[in-house]
Amino acid sequence: MAAKFYLTTTLPYVNADPHLGFAAEIVRADAIARWRRLKGDEVFFNTGTDEHGLKIYRQAAVAGQDPQAYVDAYAAKFDDLKKALDLSYNSFTRTTDARHQAAAQAFWRRCAANGDIYKKTYQVKYCVGCELEKTDSELVNGFCPLHPAKPLETINEENYFFRWSAYADKLLSFYDAHPDFIIPGHRLNEIRNFIKQGLKDFSISRLKKKMPWGVPVPDDQEQVMYVWFDALVNYISCLGWPDDQEQFRRFWPGWQVAGKDNLRQQAAMWQAMLMSAGLPNSEQLLIFGFITANGQKMSKSLGNTVDPFSLTAKYGTDAVRYYLLADLPAYEDADYTEEKFAARYMADLANGLGNLAARVAALLEKDKAVLPLAARPDSELSAGVDKALAKFQFDAALKAIWQKIAETDEYLSAQAPWKMPDPEQKKAVLAQSAQNILDIGFALRPFLPASADKIIAQYGAGEIRKGEPLFPRLP
RNA sequence: CGCGGGGUAGAGCAGUUGGCAGCUCGCCAGGCCCAUAACCUGGAGGUCGCCGGUUCAAAUCCGGCCCCCGCAACCA
């Protein structure tokens, strides 16, 4: 019986176009999902979009659009990543989906029934200049950084809260019992330290009259959900929870990937919510580092976000996938520059993989050699890739594959089959090289699916022809 | 004393339990001439942030200090 494997990304908030950081997250998730499928697992791979909230409501108003139409356009843009990056997710959850909203309400009811949701009046700070509520973290010396001359107003508001404080000990016990819950391990320490400082209950609703763009709170016409009980529930609503218990039980708990900014939400808030709802905790979290652009944090306000669509249009889908998986350390921060991208493309894809495939194919084509090569899913190379991917180390897996490419280039140079007088001897050398390339093609399937398929088709065809370059040199 | 990460060759990084400091790019010199001006071999280049300690032996373990970068409750 095939094992079940569930994997989800976070849902990006649709107040801006997709950028390279999310592309990295979802490509990494995609490589894992493809790998597990190739191993024979039944895989459920979810992503989607977070579409409610004040920012979107306001942006839609500014654009003169109905919020739903506004988020429809954005959701389509994020779904376009599927084609641009050759993604294999089978589920795209929008938080405006009716099924998701019903699940969010059901989840809320369960936590409320458990006594973890209560109503409380609290004070929010409001900047008249921005016409926005501000959290303390957004303030500088107690003032709005955009309007330091205007004092903040304090507004009393009654909202629902989630009794997070009740889960501090339970979360710590859970982490103790699951020391590998978060990769990398130091993020587990980070969240542990955070929780040891004490947890404050967090606000989970907003007044509907001020912010109507949200999931209605069950049994309260005045309030809509604030992000948490809406967006986080997508990780199980996509599986059909609560209606499709069979599918939910088959796939949950699963793996979640997220950027490091999402550590608290995924590792502590969501886990506490699951406990409150009486549902199993997530299986494991992968927390990725950030990508900076030319040494600076990518942000809308700096205007230095890198657009994955223009990158794939210019260099090709697999080139971008390769860069994200091979060149960036997944769990630490990493810097992107187009120069480094292009250098890596030339060295590894054009001169490395592409040239080697063309080199051997050209030699074989001249001889009209027929080689009945077969895939070797159990090759030493596959084993190395499996070992690295079992630890979710994408760069190490690709390094093993590129080691094989280098070995094959060295082997060819040492043997020099092009000047061998004995045709049988020459054929044997080329067959060995071609077998290596076919193994490389198979090993590449989780990472560069389209290129892998081309190599497998080319080198598995019997009579091997040169064909088009896999990765043309850059001008 | 809020929390966390980092500092290793010009650049980007790897260094598992301490045991001759490595990889890629770039640079220099050869080779090859099958391949996408590609590929192969060799070379130059480092006080492993600083100070001290443990040890036969420290990039690695311990203590202190300096610097950079994140997070700090909706930026992947």
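All figures in this text were calculated on a predicted structure; none of them were measured in a lab. In what follows, chains carry the letters A, B, and so on, assigned in the order in which the sequence lines appear, proteins first and then strands, with residues in each chain numbered from 1. Side chains are part of it too, since the values below use all heavy atoms of this structure and drop only hydrogens, waters and symmetry mates.
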Using a heavy-atom cut-off of 4.0 Å across all strands, would you classify Ile291(A) as base, sugar-phosphate, or nothing? base

Base, sugar-phosphate, or nothing for Ile26(A), non-hydrogen atoms under 4.0 angstrom? nothing

Rounded to whole angstroms, how far apart are CG on Asp395(A) and P on G12(B)? 17 Å

Approximate separation, where rounding is to 0.5 Å, of Gln266(A) CD and Lys260(A) NZ: 16.0 Å

Would you mind reading off the distance between Ile191(A) atom CD1 and G2(B) atom P, rounded to a whole angstrom? 19 Å

Expressed in whole Å, how much space separates the C1' atoms belonging to G18(B) and A59(B)? 10 Å

Near-strand residues of residues 160-171 of chain A, defined as heavy-atom separation under 4.0 angstrom from RNA chain B: Trp164(A)

Quick one: label Phe194(A) by what it contacts on the DNA or RNA (base, sugar-phosphate, nothing), any heavy atom closer than 4.0 Å. base

Regarding Gly289(A), tell me which of base, sugar-phosphate or nothing describes its non-hydrogen contacts under 4.0 Å with the strands shown. base

Taking Gln256(A) for its side chain and Leu285(A) for its backbone only, find out whether a donor-acceptor pair lies under 3.5 Å. no

The nucleotide from G70(B), C74(B), A76(B) with an atom nearest the side chain of Glu190(A) is G70(B)

NZ of Lys196(A) versus P of A72(B): gap in Å, rounded? 21 Å

Please measure how far the P atom in A11(B) lies from the corresponding atom in C20(B), and state the result in whole Å. 26 Å

Of the candidate nucleotides U24(B), A76(B), G5(B), which contains the atom at the shortest distance from the side chain of Arg344(A)? U24(B)

Distance check needed: C13(B) P versus Gln393(A) CD, whole Å only. 17 Å

Rounding to the closest angstrom, what is the interatomic distance between G19(B) and C48(B) at atom P? 15 Å

Options C69(B), G4(B), C25(B), nucleotide nearest the side-chain atoms of Ala347(A): C25(B)

If you restrict it to nitrogen or oxygen atoms, what contacts under 3.5 Å exist between nucleotides 32-34 of chain B and the protein, and what is each distance?
unit_1, atom_1, unit_2, atom_2, d
C33(B), OP1, Lys419(A), NZ, 3.4
C34(B), O3', Lys366(A), NZ, 3.0
C34(B), O2, Arg359(A), NE, 2.9
C34(B), N3, Arg359(A), NE, 3.1
C34(B), N3, Arg359(A), NH2, 2.6
C34(B), N4, Arg359(A), NH2, 3.1

Check: Glu25(A) side chain, Thr10(A) main-chain N or O, donor-acceptor pair, under 3.5 Å: yes

Inspect the contact between Asp367(A) and Lys426(A) and indicate whether a charged nitrogen and a carboxylate oxygen are less than 4.0 angstrom apart. yes

For the residue pair Leu430(A) and Pro417(A), what are the closest heavy atoms and their distance? CD2-CG, 3.9 Å

Among C74(B), G70(B), G4(B), the one nearest any side-chain atom of His186(A) is G4(B)

Could you check whether any side-chain N or O of Asp395(A) sits under 3.5 Å from a backbone N or O of Pro329(A), counting only pairs where one atom can act as donor and the other as acceptor? no

Would you measure the distance from the C1' atom in U60(B) across to the matching atom in G7(B) and give it in whole Å? 15 Å

Taking only the side-chain heavy atoms of Asn193(A) (C-beta and beyond), determine which of G5(B), C3(B), A76(B) contains the nearest atom. C3(B)

Could you work out the separation of C1(B) and G64(B) based on their P atoms and round it to a whole Å? 16 Å

Please give the distance between the P atoms of G4(B) and C40(B) as a whole number of Å. 45 Å

Remember a base hit wins even if backbone is also touched, and classify Asn355(A) as base, sugar-phosphate or nothing at under 4.0 Å, heavy atoms. base

Using the P atom as the point on both nucleotides, what is the distance between A44(B) and U24(B), in whole Å? 15 Å

Regarding Gly259(A), tell me which of base, sugar-phosphate or nothing describes its non-hydrogen contacts under 4.0 Å with the strands shown. sugar-phosphate

Rounded distance in Å - CH2 (Trp402(A)) to C1' (G12(B)): 18 Å

Ranges pairing with ranges for RNA chain B, where each run has three or more Watson-Crick or G-U pairs under 3.5 Å: B:2-7 with B:66-71, B:10-13 with B:22-25, B:27-31 with B:39-43, B:49-53 with B:61-65

Between the side chains of Glu157(A) and Lys210(A), is the shortest nitrogen-to-carboxylate-oxygen separation below 4.0 Å, so that they form an ion pair? yes

Least distance between heavy atoms, Ala231(A) atom then Thr95(A) atom: CA-CG2, 4.0 Å

Arg34(A)/Asp86(A) salt bridge by N-O under 4.0 Å criterion: yes

What is the distance from CG of Asp348(A) to P of U24(B), rounded to the nearest Å? 10 Å

Rounded to the nearest Å, what distance is computed from the OH atom of residue Tyr345(A) to the C1' atom of nucleotide C25(B)? 17 Å

In Tyr118(A), Phe202(A), Trp270(A), the residue satisfying ring pair (Phe, Tyr, Trp, His ring centres under 6.0 Å) with Trp164(A) is Phe202(A)

Considering non-hydrogen atoms only, spot the tightest contact between Ile291(A) and Ala24(A) and give its length. CD1-CB, 3.6 Å

Rounded P spacing from G45(B) to A9(B) in Å: 14 Å

Rounded to the nearest angstrom, tell me the gap between atom CD in Glu332(A) and atom C1' in A14(B). 12 Å

Could you tell me whether Asp201(A) and Lys120(A) have a side-chain N and a carboxylate O separated by less than 4.0 Å? no

If you measure from the Lys or Arg side-chain nitrogens to the Asp or Glu carboxylate oxygens, is any gap between Lys427(A) and Glu424(A) under 4.0 Å? no

Knowing that exactly one of Phe447(A), Phe394(A), Tyr336(A), Tyr315(A) qualifies, which makes a ring pair (Phe, Tyr, Trp, His ring centres under 6.0 Å) with Tyr323(A)? Tyr336(A)

